[in-house]
Amino acid sequence: MADGGKMKGVEGSGEGTGHGEDMDEEAQEELELALSLGRRGWHLPPVPVPPPAPALRWSMVFPAWDPDAAGSSRAAESVWDSPPVPPLRFRDMWRGGGADADAGGAREAEEHNNVEEEEGSEDGDRDLQNKRPKVGAFGEESSGVNASFFGYEAPHLHAFAEHDHLKLSHGPENELDFGLSLISNDGGNDIPRETNSHGVCDVERSGGTNAEDLEIRMDLSDDLLHLIFSFLCQKDLCRAGAACKQWQSASMHEDFWKYLKFENTRISLQNFVNICHRYQNVTNLNLSGVLSAESLVIEAITFLRHLKTLIMGKGQLGETFFQALAECPLLNTLTVSDASLGSGIQEVTVNHDGLHELQIVKCRALRVSIRCHQLRILSLRRTGMAHVSLNCPQLLELDFQSCHKLSDTAIRQAATACPLLASLDMSSCSCVTDETLREIANACQNLSVLDASNCPNISFESVKLPMLVDLRLSSCEGITSASMGAVCFSRILEALQLDNCSLLTSVSLDLPHLKNISLVHLRKFADLNLRSPVLSYIKVSRCSALRCVTITSNALKKLVLQKQESLCNLSLQCHNLIDVDLSDCESLTNEICKVLSDGGGCPMLRSLILDNCELQVVILDGCDHLERASFCPVGLESLNLGICPKLSVLRIEAPNMSILELKGCGVLSEASINCPCLISLDASFCRQFMDDSLSQTAEACPLIEHLILSSCLSIDVRGLSSLHCLQKLALLDLSYTFLMNLKPVFDSCLQLKVLKLSACKYLSDSSLEPLYREGALPMLVELDLSYSSIGQTAIEELLACCTNLVNVNLNGCTNLHELVCGSDYCRSGDMPIDAFPPDSAPDKTKEIRESSDCQLEVLSCTGCPNIKKVVIPSTANYLNLSKINLNLSANLKEVDLKCSNLYNLNLSNCNSLEILKLDCPRLANLQLLACTMLQEDELKSALSFCGALEILNVHSCPQINTLDFGRLQAVCPTLKRIQSSPIA
C-alpha cells in the first residue's frame, strides 16, 4: 500500500477485501472514521491486506468540454453522434472464470502497455498540454492504490456496478480524455468475483481503438470537488476518501470536519484523540449516545480549544468532566441529556465563564450548582434533582418544567437569584404556590413569559406582573373568575392560555394588546367577554356550559365555536371577521341573523358554517363579502341569502326547510341543496347557477312548487329536462334568460299555473306553438311575455285559443301593432297553408277554444310602442276581463271596448289617443293622464255608457275643460272624483 496506508486504533476492521462483508456495522463505522485521517502520518493499527488481484482496466472516453454547449444538448450530441462501440458493462469484468479469465486479463494489460509505449513519444506533448492528472474513481495506477483502499473494499464498487447501462463510445481527436480505472496490482487469483476474459479485449478489437482511447479519466477541479463534498455527511466523506488521492485529500479538508457528529457511533479512544488532534478547529461536537463519551472528551480536551457547542447524552458524567470544560474557553453551548451527573452523593458544579446556553435535560442528580456569569439560557427540564443553586446574574430564560423533586423553596430561591429573568417555565412543578409567584414578581421585574401550567396550588390572585406578555395557566385547578383581576393588571399581555381550569366560570378581559387566547375543556365556563383591538385568534372548545359570547376586535378574521351546545347569545363587533363556524351550536336562536347579516357587526363575512344548528329562520340578506356558506344538517325552515354578491359555494342539508331565497347571488356556481320539504326556491340573478346544480336540486327537492330562475343565464335545455322531478311545480320564472326551446317545460310541468318569460329575446313564435295548438300546460293561468320578441300572430293566437289564461302580460312587446279580439283567428282558412299539421291540429285547436269561455281577467300592454288599435267587441266573450292597462302606449290612437265586467282601465300617457269608445257598465276607474289629443266631446260620449264610473283622471289633458264639473257629472251621475290640472 502507499504511504500512510497503516492505521491504528481501528477495532474489528476485517482481514481484507474478501472478508469485508463479514465486518459488523460498528467496526465498519470505526473504520470509516479512521479513513478521515488519510495519509497524514497518524499511526493506527495495521489492517491485513489481501493478496493483490490481476490487473483489470475499465475505460471510457468522454467528449471534450465545450463551454458553449454547457447546459444544452450539444455536449450529449457530440457523444452519441460518434461511431458506436460495443457495450462494456461492469459485470462483464467479473464474469468468466478460471485460468482463462486470468490469461485474458494479463493479455489485455500487456497489449495496453505496448500501445502506450508506441504512442507515448508522439503524443507526449499533447498529453502535457491537454491532460490533467488522472483521477480514478476506485484507485490510481501510478500510486498503486487499489479498490481495497486501507484494507477496506470501497463501497462505490457495488454502487457503480448497478449502472450497467453505460456504453463505450469513440470521440474525435480533439476530445479531452477523463480517466477512470480499476486496477489490481498483480496477477493473483484472489478476485472477489469471476472475470470475463472477453469483455475488454473484444471492445478494443471491435472498436479499432487502443487502450488509451478507451481509458476513462475524471478531471474534477479541487473547487468543484469541494463543492460536491460539502453535501456529504462524515461517513460518506470517509467512503469517498477511499477512492483516490485527490478524493482523499478533498474529503480531509478542515471545512468538512468543523462539526464532528458521532451520535450513537462506536469510536475508540485513540481514534477520537487522533481526529481531534488532526482537526483542532472543531467548533461543534456531538457525542450523544457514545460509550465512554466522558473519557473521550477528557483525553482530547486539549485539542478542542476552539469548541463552541458540545452535546453529550447517556452515560455517566462526573465532576471531572465539568471541570475539564474550562479548557474550552470559547464554549458557549452545552447540552447534556439522559445522563447521570456526579457520583450520586455529591453536588455537581458547572462553572464556566463563557457559557451562554446550558441544557441539562432528563438527567439524574442529587444537587446541581451552576455558576456561569455569562449564562443567558438555562434548562433543567425533567431533571430529577432535590436542590439547585444558581449564580447566573445574566440569566434571561429559566426552565424547570417537570422537575418534580424540586421544592417550592428551591424554585423560589433559584428564580429570585436571577434579577434579569425574562422567561420562566415551571409547569408541572406541583409544589409551587402563590407566595412563590409573588416573590418572583417582586424580584424579576422584567418577567415577560410565565408558564405555570399543571400547578394545582396556585390561584394567581394578587400576583402582579406588569411586563407579562405570555401567560400559560392550563390545568391549574385554583384558577377562578377572581383570578382575572390579576390578569388584567398585565396590560401588555398578548397571549393567554386557560385550558382545563375546571373552576373557571367566566372571563372578562379588556386588554389592548391581547392577540391570542385559548379556552379548552372548561366544564363550568358560561360567559366570555373579550375586548381587544388586536385580538386575532380565539380557541374555544368543549365548553358545554358556555351561553354568552361577546367579542370586540378589529383583527379577528376567523371564529370557531364548534359544539357549544348551550350557546344562545352571540354578540360580535369584528369588522374584519371573514370565517365563522358555529357547527353543532344547538341552542342558537334566530337572533344570530342580526349579528351575521349586513350591519350586524361582521360586514366582511365570507364563510359561514351553521351545521347541526336548530335555527328555524335565518336572514343573511346583504352580506356583501360572504363567499362560502354551509348548513349541514340544520333544522332551518327558512333561509334568506339574498344579495350576497360574492357567495360562490353553498351547501344546505335541511330536512324541514320550505323556503330558500338566493336572489342576487351572482357568482354562485357550486350549490348542493338537499331539502326534501322545500317548496319555494328563488335563485333569480344567480348568473352562474349551472344545469348540474339545478338537476341535483330538482332530484333532492321534489316538492318544489315555486321555482324562480330569472336571469340564470347558465341554465339551458339540459337543466330544464330535470323539471320532470318536480311534479308539483306551479310557478316557473325563466325571465331574462337565453332560452330558445321550452319543450322540456311543456312536456314535464303539467301542473304549472304561472309561466314567466319576460325579456326572453331568443324565443320565437314557434317556441309557444304547443300552448295554442297542442293544448300544453292545461293548468296555466298566468303568462308573462313582457319585452319578448313574440310576433302579432302568436299573441292573437294565445289570447284566442288559451282560454284558461287569467292574467296575460304583454308589456313592451314591440311586435304588437294592434289588438283586435273576438274574431275567429283559429280558423284554418286564416292561417298559412302549412300553419297546422294535417288532419287533427285545427280540430284540436277548435276544441280547446270552444271547450270553455275565456277566463281572462287582467290584460297588461304597458309600454307597447307600436300598438295603434285595441278592439274588444262583446262577441269576444271576455266576460271576466276586469282590468286593462295600456299605459305609455304612445302611438295608440283608437280604443273600442265592450266589456261587461271591466272595472279598471288605464290609458295614461297615450298622447296619440283620439278615438275612445266604451261600453263598460261596471267601469269604476278611468285613467287618462296626459292624453293630449283626446277631445272633450269624445270623452263625454264614452262616459255616457259607463254608468258606474267613480274616478276620472284627466290631468294634463288640455282639450278637456274640468272647471264645469256639473257637465261631466250630468253625463255620468256616479262620478265622484275628477283629477285634473287647472287651465291657464
Side-chain angles (χ1 to χ4, degrees), residues 710-711 733-740 755-768 771-772 782-800 802 805 807-823 825 856-873 876 878 881 883-897 899 902 904-918 925-935 938-939 942 953-960:
S710 176
S711 295
D733 188 349
L734 298 174
S735 301
Y736 295 91
T737 60
F738 297 152
L739 293 171
M740 302 174 61
L755 177 60
K756 296 185 178 183
L757 302 172
S758 178
C760 293
K761 298 293 185 180
Y762 294 94
L763 287 179
S764 61
D765 292 0
S766 60
S767 302
L768 300 178
L771 280 177
Y772 56 82
E782 181 176 343
L783 178 62
D784 187 354
L785 296 174
S786 301
Y787 305 101
S788 65
S789 56
I790 301 299
Q792 172 81 28
T793 303
I795 293 174
E796 292 175 347
E797 291 286 349
L798 285 170
L799 294 175
C802 297
L805 290 176
N807 191 337
V808 177
N809 292 326
L810 301 172
N811 302 326
C813 290
T814 57
N815 293 329
L816 183 60
H817 298 281
E818 62 179 26
L819 186 60
V820 181
C821 303
S823 301
Y825 290 103
L856 186 64
E857 296 181 4
V858 179
L859 177 62
S860 180
C861 298
T862 300
C864 295
N866 298 318
I867 190 171
K868 297 180 180 180
K869 181 179 181 180
V870 176
V871 177
I872 302 180
Y878 283 173
L881 186 60
K883 182 178 180 180
I884 298 178
N885 191 348
L886 296 169
N887 183 27
L888 296 172
S889 297
N891 291 314
L892 182 62
K893 293 184 178 182
E894 179 180 355
V895 174
D896 186 354
L897 304 177
C899 303
L902 187 63
N904 191 318
L905 175 61
N906 189 351
L907 296 173
S908 298
N909 297 291
C910 297
N911 47 26
S912 298
L913 183 62
E914 298 177 354
I915 302 174
L916 178 61
K917 297 179 180 180
L918 300 177
N925 190 337
L926 177 59
Q927 298 291 323
L928 297 172
L929 173 66
C931 292
T932 57
M933 302 295 293
L934 185 62
Q935 300 294 324
E938 189 72 17
L939 175 60
N953 186 355
V954 289
H955 192 280
S956 300
C957 295
Q959 305 297 330
I960 300 175

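For reference, positions follow the sequence shown, starting with 1. On a predicted model such as this, the values are computed, not experimentally measured, just so you know.
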**Any donor-acceptor N or O pair under 3.5 Å, side chains Asn885, Thr862** = yes
**Request:** Go through the steps for Val954 and Leu934 under the test side chain to side chain contact (heavy atoms under 4.5 Å, CB included), then give the verdict.
**Result:** CA-CA 10 Å; Val954 289; Leu934 185 62; over 6 Å; no
Quick one: [atom1] on [X] to [atom2] on [Y], what's the gap to the nearest 0.5 Å?
| X | Y | atom1 | atom2 | value |
| --- | --- | --- | --- | --- |
| Ser912 | Lys868 | OG | NZ | 9.5 Å |
| Leu783 | Leu768 | CG | CG | 7.0 Å |
| Asp784 | Asp733 | CG | CG | 7.5 Å |
| Lys756 | Cys760 | NZ | SG | 12.5 Å |
| Ser908 | Leu913 | OG | CG | 11.0 Å |
| Ser758 | Leu755 | OG | CG | 11.0 Å |

**Request:** Dump the intermediate steps for side chain to side chain contact (heavy atoms under 4.5 Å, CB included) on Gln935 and Leu939, then the final yes or no.
**Result:** CA-CA 6 Å; Gln935 300 294 324; Leu939 175 60; over 6 Å; no
**Prompt:** Which is it for Asn811 and Ser860 under the side-chain hydrogen bond (donor to acceptor under 3.5 Å, both in side chains) test, yes or no, and what are the steps along the way?
**Reply:** CA-CA 6 Å; Asn811 302 326; Ser860 180; 2.6 Å; yes
When you measure from the side chain of [X] to the backbone of [Y], do you find a donor-acceptor pair of N or O atoms at a distance under 3.5 Å?
| X | Y | value |
| --- | --- | --- |
| Glu938 | Leu916 | yes |
| Asn953 | Leu929 | no |
| Thr814 | Ser789 | no |
| Lys761 | Thr737 | no |

**Request:** May I have the step-by-step check of side chain to side chain contact (heavy atoms under 4.5 Å, CB included) for Leu902 and Ile884, ending in yes or no?
**Result:** CA-CA 8 Å; Leu902 187 63; Ile884 298 178; 3.8 Å; yes
Which pair of heavy atoms, one from [X] and one from [Y], lies closest together, and at what distance?
| X | Y | result |
| --- | --- | --- |
| Ser889 | Gly863 | OG-N, 4.1 Å |
| Gly791 | Asp765 | N-OD1, 2.8 Å |
| Pro865 | Cys813 | CD-O, 4.3 Å |
| Leu810 | Cys864 | O-SG, 3.2 Å |
| Ile790 | Ser764 | CD1-O, 3.6 Å |
| Tyr772 | Leu798 | CD2-CD2, 3.6 Å |

**Flag if over 12 foreign heavy atoms under 6.0 Å of NZ, Lys917** =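 No.
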Close side-chain approach of [X] to [Y], heavy-atom, < 4.5 Å:
| X | Y | value |
| --- | --- | --- |
| Ile915 | Val895 | no |
| Gln792 | Asn815 | no |
| Leu881 | Ile872 | yes |

**Request:** Kindly determine whether Leu926 and Leu918 satisfy side chain to side chain contact (heavy atoms under 4.5 Å, CB included), including the steps that lead there.
**Result:** CA-CA 11 Å; Leu926 177 59; Leu918 300 177; 4.2 Å; yes
**Result of checking Leu819, Leu805, Leu886, Asn809 against Leu859 for side-chain contact (heavy atoms from CB on, under 4.5 Å)** =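 By the side-chain contact (heavy atoms from CB on, under 4.5 Å) criterion, Leu859 pairs with just one of Leu819, Leu805, Leu886, Asn809: Leu819.
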